[in-house]
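Have a look at the structure below before the remarks.
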Amino acid sequence: MRIATWNVNSIRARQPLVVEWLKTTEPDVLCLQETKVVDDDFPTEDLQRLGYAVEMAGQKTYNGVAIASRLPMSDVSVGLHDDDEDAEKRFIAATIDGVRVMTAYVPNGKSVDSPDFPRKLAWLARLRQTLDQGATAEGDVLLCGDFNVAPEARDVHDPKRLEGQILFHPDERAALAKVLDFGLVDAFRIHEEAPKHYSWWDYRGPMLRRNLGLRIDFIFLTKSLAARSGRCWIDKDVRGQNKPSDHAPVIVDLE
DNA sequence: ATGGTAGGATTCCTA
């Protein structure tokens, strides 16, 4: 089973690129973040034409997540365990071929001195609680998405300058580590130790051209799935195509 | 010394 995650930064703006990418990459499952659209305006038919059903949790203008799958989906669940009715749409889960697939769009936090920063930390703590309440580390659980945190120095292009800034602050690294303490491993790091692999490059300036990015998009696996993981890679090429998202897809093959 | 671009809804917010 091939599973991918991609922050598309608007599914409507990215629709041609996503369709072409699905045709060439042929994942069984594509988890999407920042769809930025209400469910009625999601380009569902364009994905159905390629054989994918879509489960979504959308909202106007911001956020929005979805799971597109060409294998049957069951037990769809939207939101964190204690989300209010009007909570931002940042989390959706479904069971696919025995795997509990969860995808998250973690709050960015804006800056470390913003009120959004403690809210980001609290959201990650609530994500851990959602895992504890709805899954077990002994099961086949895959948690993927845009986590807006780079876990290690090798995941950022300038760790000295970026240390303590948003996306690379010790408090958010600790909050992410607590999520992983549920019993998850980073699929990309199973087979790749090297630095300079990133999943996001700012649109502004020469960031992509100089490969000045951050690795903030992940596929996390429980032990049983990690044992089944083949290749895991970041499709950087699609970041350089016409009208790209600022994020690249991350893909894993499970045996 | 704090730029720059992109998307979406409306002269600004978020990333």
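Chain naming here is simple, since letters A, B, ... match the order of the sequence lines and numbering starts at 1 in each.
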Within the pair A/Arg14 and B/dG7, is there a side-chain N or O less than 4.0 Å away from OP1 or OP2?
yes
It should be established whether A/Arg209 places a side-chain nitrogen or oxygen under 4.0 Å from OP1 or OP2 of nucleotide B/dG4.
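Checking B/dG4 against A/Arg209, no side-chain N or O comes under 4.0 Å of OP1 or OP2.
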How close or far is atom [atom2] of [N] from atom [atom1] of [X], stated in whole angstroms?
X        : N      : atom1 : atom2 : result
A/Leu17  : B/dA6  : CG    : C1'   : 14 Å
A/Arg239 : B/dA15 : CZ    : P     : 17 Å
A/Asn7   : B/dG7  : CG    : P     : 12 Å
A/Asn9   : B/dA6  : CG    : C1'   : 6 Å
A/His247 : B/dA15 : NE2   : P     : 10 Å
A/Leu214 : B/dA15 : CG    : P     : 15 Å
A/Leu162 : B/dT2  : CG    : P     : 19 Å
A/Leu212 : B/dG3  : CG    : C1'   : 15 Å

Between [X] and [Y], a side-chain donor and acceptor under 3.5 Å:
X        : Y        : answer
A/Thr222 : A/Glu138 : no
A/Ser245 : A/Arg14  : no
A/Asn9   : A/Tyr203 : yes

Spacing of A/Asp171 atom CG and A/Leu124 atom CG [to the nearest 0.5 Å]:
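Reported to 0.5 Å precision, the distance equals 11.5 Å.
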With A/Phe188 via ring pair (Phe, Tyr, Trp, His ring centres under 6.0 Å) - residues at least two apart
A/His197
For [N] and [M], measure between their [atom1] atoms and round to the nearest Å.
N      : M      : atom1 : answer
B/dT2  : B/dG8  : C1'   : 25 Å
B/dA6  : B/dT11 : P     : 23 Å
B/dC12 : B/dA1  : C1'   : 25 Å
B/dC13 : B/dG3  : P     : 15 Å
B/dG4  : B/dT10 : P     : 25 Å

Could you tell me whether the side chain of A/Leu131 reaches within less than 4.5 Å of the side chain of A/Phe220, counting heavy atoms only?
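Answer no - side chains too far apart.
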Nucleotide N/O of nucleotides 10-14 of chain B paired with protein N/O under 3.5 Å:
residue	atom	partner	partner atom	Å
B/dC13	O2	A/Tyr62	OH	3.4

With nearest nucleotides of DNA chain B determined for A/Tyr203 and A/Arg12 from heavy-atom distances, which residue corresponds to the more 5′ nucleotide?
A/Tyr203
Reading DNA chain B from 5' onward, which residue's closest nucleotide shows up sooner: A/Ala13 or A/Gly109?
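Taking each residue's closest nucleotide, the earlier one in sequence belongs to A/Ala13.
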Between the side chains of A/Arg12 and A/Asp46, is the shortest nitrogen-to-carboxylate-oxygen separation below 4.0 Å, so that they form an ion pair?
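Looking at A/Asp46 and A/Arg12, the cut-off is not met.
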